[in-house]
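Because the structure is predicted, anything quoted here is derived from the model rather than measured. Side chains are part of it too, since the values below use all heavy atoms of this structure and drop only hydrogens, waters and symmetry mates.
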Amino acid sequence: MDEQALLGLNPNADSDFRQRALAYFEQLKISPDAWQVCAEALAQRTYSDDHVKFFCFQVLEHQVKYKYSELTTVQQQLIRETLISWLQAQMLNPQPEKTFIRNKAAQVFALLFVTEYLTKWPKFFFDILSVVDLNPRGVDLYLRILMAIDSELVDRDVVHTSEEARRNTLIKDTMREQCIPNLVESWYQILQNYQYTNSEVTCQCLEVVGAYVSWIDLSLIANDRFINMLLGHMSIEVLREEACDCLFEVVNKGMDPVDKMKLVESLCQVLQSAGFFSIDQEEDVDFLARFSKLVNGMGQSLIVSWSKLIKNGDIKNAQEALQAIETKVALMLQLLIHEDDDISSNIIGFCYDYLHILKQLTVLSDQQKANVEAIMLAVMKKLTYDEEYNFENEGEDEAMFVEYRKQLKLLLDRLAQVSPELLLASVRRVFTSTLQNWQTTRFMEVEVAIRLLYMLAEALPVSHGAHFSGDVSKASALQDMMRTLVTSGVSSYQHTSVTLEFFETVVRYEKFFTVEPQHIPCVLMAFLDHRGLRHSSAKVRSRTAYLFSRFVKSLNKQMNPFIEDILNRIQDLLELSPPENGHQSLLSSDDQLFIYETAGVLIVNSEYPAERKQALMRNLLTPLMEKFKILLEKLMLAQDEERQASLADCLNHAVGFASRTSKAFSNKQTVKQCGCSEVYLDCLQTFLPALSCPLQKDILRSGVRTFLHRMIICLEEEVLPFIPSASEHMLKDCEAKDLQEFIPLINQITAKFKIQVSPFLQQMFMPLLHAIFEVLLRPAEENDQSAALEKQMLRRSYFAFLQTVTGSGMSEVIANQGAENVERVLVTVIQGAVEYPDPIAQKTCFIILSKLVELWGGKDGPVGFADFVYKHIVPACFLAPLKQTFDLADAQTVLALSECAVTLKTIHLKRGPECVQYLQQEYLPSLQVAPEIIQEFCQALQQPDAKVFKNYLKVVEFVSQRALRSK
């Protein structure tokens, strides 16, 4: 072996050596016999360096995994012997190999096992066991090999082909017949021998039992001798966590409901008598987390048994199962309320399923009602933040608590289904008592009280948020709580979590303010002052900006008395912050978007006359336009690229803010009705010069393009005079991405204004196509996938444009481009339908072709088009589906085939018998199609129901493809 290259395997080696080692590894993988050098090195223990040993196993692994079938019988035998020799050597080694080497060796053994067990090495386990016996090093390797085999056969995270899945099933079946009882016996012997002397090996063995129990005969494990031993391990500190997990797997195994119930009950009796149910005396939280998972498994197993027994009508045993479940509830509650969230989280599944049972019962006993209340109190307590939660810098622990809270919310929702009245009363009690003394109460208790009110909105569902109508007692309870929330002064609490929960809840129950509008002013002030948009925390300001926007939108009818006051108070928050002023804005540009939208909503939905609305909108947008002009001039003169980028960003924000205000308009309140057309036209005139700026083109074009999209919707035909010059600028120096984003703008104009924009479209049609073709024809690196994808997306956009033009009744735009250009366009559509393996583009191309045939395919169509139909369109309908890449298993391809069928039907519709005659006498015979198939095809084509032909074509294409591929 190349000793110099091997030096690069050391983690401390420099990059040159590491590169050389990597290249050497690739070389050995390709070499037909290099693996033999590695096998010999392992068998004869040539190298003492751990990284070289690992390397040798990697080479062997590659050989077994990818090239094993190429080896001769003698070479395959050599690999088996090498591994057994290596295993034997481990029994004599003074020191065991490093863990990473043992794991890699186990993987190679497992790969060889799945390859050879069914054919050449049926005595695999016998051979391994005869070498390792009860030697602790041998047992360690034997157990690692078993785990690696289980991973190969059963691990759902490993993706297997259908052939591998079949092989794995066959291996498991064969193992069950031939060797599983012997393996189970070996596990028992290992556990018995090492339970007091070698905890590491014992834990490994328990892990193996837990892994295999899911697919072997359960009676081999669920019997007195095994279970008693496992229960014994529960009392040994170093073994009990692994024993817990093993028992969990046993309990989780699918089996007869009555047998499962007996198994769980017998386990519980032993665990209870051994004192495991006394949770408060246990200090080891890691063990309790595993124990909680075990209790959860037992509880859920009993519930599954109960469900099956009820379904089977076995009422007597179902009653017993329910009784067994009920006796576990006290333990479940102890675990649920435990201060450690992992322990609590592990029992939530049992708790949730238990509530599901109670939901199905017609009458609840007093004990069951008490259980529901206890779960409710536990959930309320566990929802509370602890002192350590870091609100300013949330890390992994905080993220885990947020996830845990989501689980608790599901429990709360389920509680509401079981007893909505009890939940409402409990929340009201906690909420009222907390908010009466909020000034002297800890933040986490205040936050959770408001949070519970917030959560009721989803737990007690109503349509369209109508919490304050209908059920009087519920509406009155919620109304009382909301009144308390907004009048108590709790919005001034000095903690971000309480502040945010206040605003979230106010917005969640916005319908309250239609019932009691007198509270709107104090809530608006909370939004606008230091409690909300001017809070010291950026996180609170940001969230409040969004919530304020929602609050104003939902209550726009109630906002009229406050509009001008709000607009005055938010004036400073609307300022565009240019990069050079050094002033740190209170809100980010994303947050400002919400404030601009809110301002727009206030103006547009006000009861003011149109002149007043126009004046207010002008006041809102004029500062943006003035700043835009100044910043654009500065950008033109800027030399430094970083400064250019920050100025362009600022310009883009200005356009985005103006754009966002237009979202306030609707069909009921149009720009024209509000008298605001002139203001937005002024904005257009201000923003469009940015398109001719040679600097930072991408960002400027993107912003102006988005604004144009909005103006096409809002200003309608008033925007049309601006489109030609804007388009001309946007087509200069184009990249694929620019065109891709420009085409939807043209499509929007075409689809909306149709004949009105025909002169403009005719004028810019070929310049646009030239720009597209120029980009598509640019050479690109063969392996440049991003360039290939960009071209594919541009091609799709191009065809989507042609589809919009033809589909909007504007085919004369194409027809008036001159015969040569028309033919060029048509040829690109044929190419798109046949040559590119992109079913989305193919579908679009066939839609274009069938539309053109419908428009031009008759007797009075353009000169030469009928010839084009027979020379190009008809062949395309056959050549496309016969391509190897036309995959009928793909849904998009099936849609493309469907459009192809529509195209043929349209040709027949327009050309009549002439089309059938051409297919029968010329085209299909030229493809050497059998006469009876031709006859059948033409009959299907002439059927009045298009579906008949589509289905026929699907079958024909499927059969044809299979025939072609078999050749």
Side-chain angles (χ1 to χ4, degrees), residues 621 624-625 627-629 631-633 635-636 647-663 665 671-672 676-772 774-775 794 797-798 800-801 804-805 808 810 813:
L621 297 177
L624 281 180
M625 291 188 261
K627 276 264 177 70
F628 189 92
K629 288 172 189 168
L631 291 171
L632 187 58
E633 282 176 24
L635 175 60
M636 294 289 213
L647 284 164
D649 257 343
C650 202
L651 286 162
N652 196 36
H653 294 326
V655 180
F657 296 157
S659 197
R660 193 61 168 258
T661 60
S662 72
K663 286 188 82 173
F665 298 103
V671 176
K672 213 174 252 179
C676 295
S677 301
E678 203 179 294
V679 186
Y680 284 100
L681 289 168
D682 287 350
C683 284
L684 257 179
Q685 280 178 316
T686 305
F687 299 154
L688 286 179
L691 292 174
S692 54
C693 177
L695 306 168
Q696 302 289 319
K697 289 199 307 278
D698 283 359
I699 190 165
L700 294 178
R701 283 181 180 181
S702 171
V704 175
R705 197 167 42 236
T706 305
F707 188 68
L708 277 167
H709 275 296
R710 288 293 313 151
M711 291 306 101
I712 289 164
I713 296 164
C714 297
L715 292 173
E716 302 204 326
E717 58 277 353
E718 288 183 90
V719 82
L720 291 178
F722 296 92
I723 298 296
S725 68
S727 301
E728 193 182 324
H729 285 303
M730 282 192 267
L731 282 176
K732 276 182 189 160
D733 309 321
C734 270
E735 295 301 320
K737 189 169 172 287
D738 298 320
L739 285 165
Q740 235 174 278
E741 289 170 356
F742 173 65
I743 290 170
L745 184 70
I746 298 302
N747 289 350
Q748 186 188 8
I749 293 163
T750 306
K752 187 170 179 68
F753 300 112
K754 297 186 171 64
I755 206 73
Q756 280 176 277
V757 290
S758 181
F760 158 69
L761 271 180
Q762 293 198 36
Q763 186 185 340
M764 61 81 61
F765 187 83
M766 285 320 293
L768 173 59
L769 264 60
H770 286 316
I772 293 169
E774 193 267 319
V775 171
L794 178 57
S797 297
Y798 163 61
F801 166 61
T804 306
V805 171
S808 302
M810 312 271 283
V813 168

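Taking each heavy atom of Ile712 and Gln748 in turn, the nearest pair found is CD1-OE1, 3.6 Å. Residues Ser677 and Val671 approach most closely at N-CG1, 3.4 Å, considering heavy atoms. When every heavy atom of Leu624 is checked against every heavy atom of Ala654, the shortest pair comes out as CD1-O, 3.8 Å. Ala771 and Leu739 get closest at one heavy-atom pair: O-CD1, 3.6 Å. The shortest non-hydrogen separation linking Thr706 to Ser659 is O-OG, 4.1 Å. Nearest heavy-atom pair, Val655 versus Gly703, reported as atom, atom and distance to 0.1 Å: CG1-O, 3.3 Å.
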Notebook entry, point to check: Can Gln696 and Leu651 be said to form a side-chain contact (heavy atoms from CB on, under 4.5 Å), step by step?
Noted result: CA-CA 11 Å; Gln696 302 289 319; Leu651 286 162; over 6 Å; no
Margin query: Is there a side-chain contact (heavy atoms from CB on, under 4.5 Å) between Arg710 and Lys663? Walk through the geometry before answering.
Written below: CA-CA 8 Å; Arg710 288 293 313 151; Lys663 286 188 82 173; 4.2 Å; yes
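Once rounded to the nearest 0.5 Å, the distance linking CG of Leu700 with CG of Asp649 reads 9.5 Å. Distance check: Tyr680 OH to Leu715 CG gives 9.0 Å after rounding to the nearest 0.5 Å. Once rounded to the nearest 0.5 Å, the distance linking CG of Asp682 with CG of Leu621 reads 9.5 Å. Distance check, rounded to the nearest 0.5 Å: NE2 of His770 to CD of Glu774 gives 11.5 Å. Here Ser808 contributes atom OG and Asn747 contributes atom CG; the two are 8.5 Å apart, rounded to the nearest 0.5 Å. Here the CD1 atom belonging to Ile713 is positioned 11.5 Å from the CG atom belonging to Leu708, to the nearest 0.5 angstrom.
Side-chain contact check for Glu735 versus Val775: every heavy-atom pair is 4.5 Å or farther apart. Contact check for Ile749 versus Ile723: side-chain heavy atoms found under the 4.5 Å cut-off. Taking the side chain as every heavy atom from C-beta outward, Phe742 and Leu768 approach each other to under 4.5 Å. Inter-residue side-chain proximity for Ile743 and Ile772 is flagged as met; some heavy-atom pair is nearer than 4.5 Å. Side-chain contact between Met636 and Cys693: present, with at least one pair of heavy atoms (C-beta onward) separated by less than 4.5 Å.
Checked against the 6.0 Å centroid criterion, the rings of Phe722 and Phe707 do not qualify as a close aromatic pair.
Within a 6.0 Å sphere centred on CD of Gln756, heavy atoms belonging to other residues, nucleotides or ligands number more than 12. More than 12 heavy-atom neighbours from other residues, nucleotides or ligands sit within 6.0 angstrom of CD on Glu717.
Below 30°, between 30° and 60°, or above 60°: for Phe801 and Phe765 the angle between ring planes is between 30° and 60°, a tilted geometry.
The backbone N or O of His729 lies less than 3.5 Å from a partner atom in the side chain of Arg701, making a donor-acceptor pair.
The stretch residues 736-764 participates, sequence neighbours left out, in these salt bridge (charged side-chain N to carboxylate O under 4.0 Å, His left out) pairs: Arg705-Glu741, Glu716-Lys752, Lys737-Glu741.
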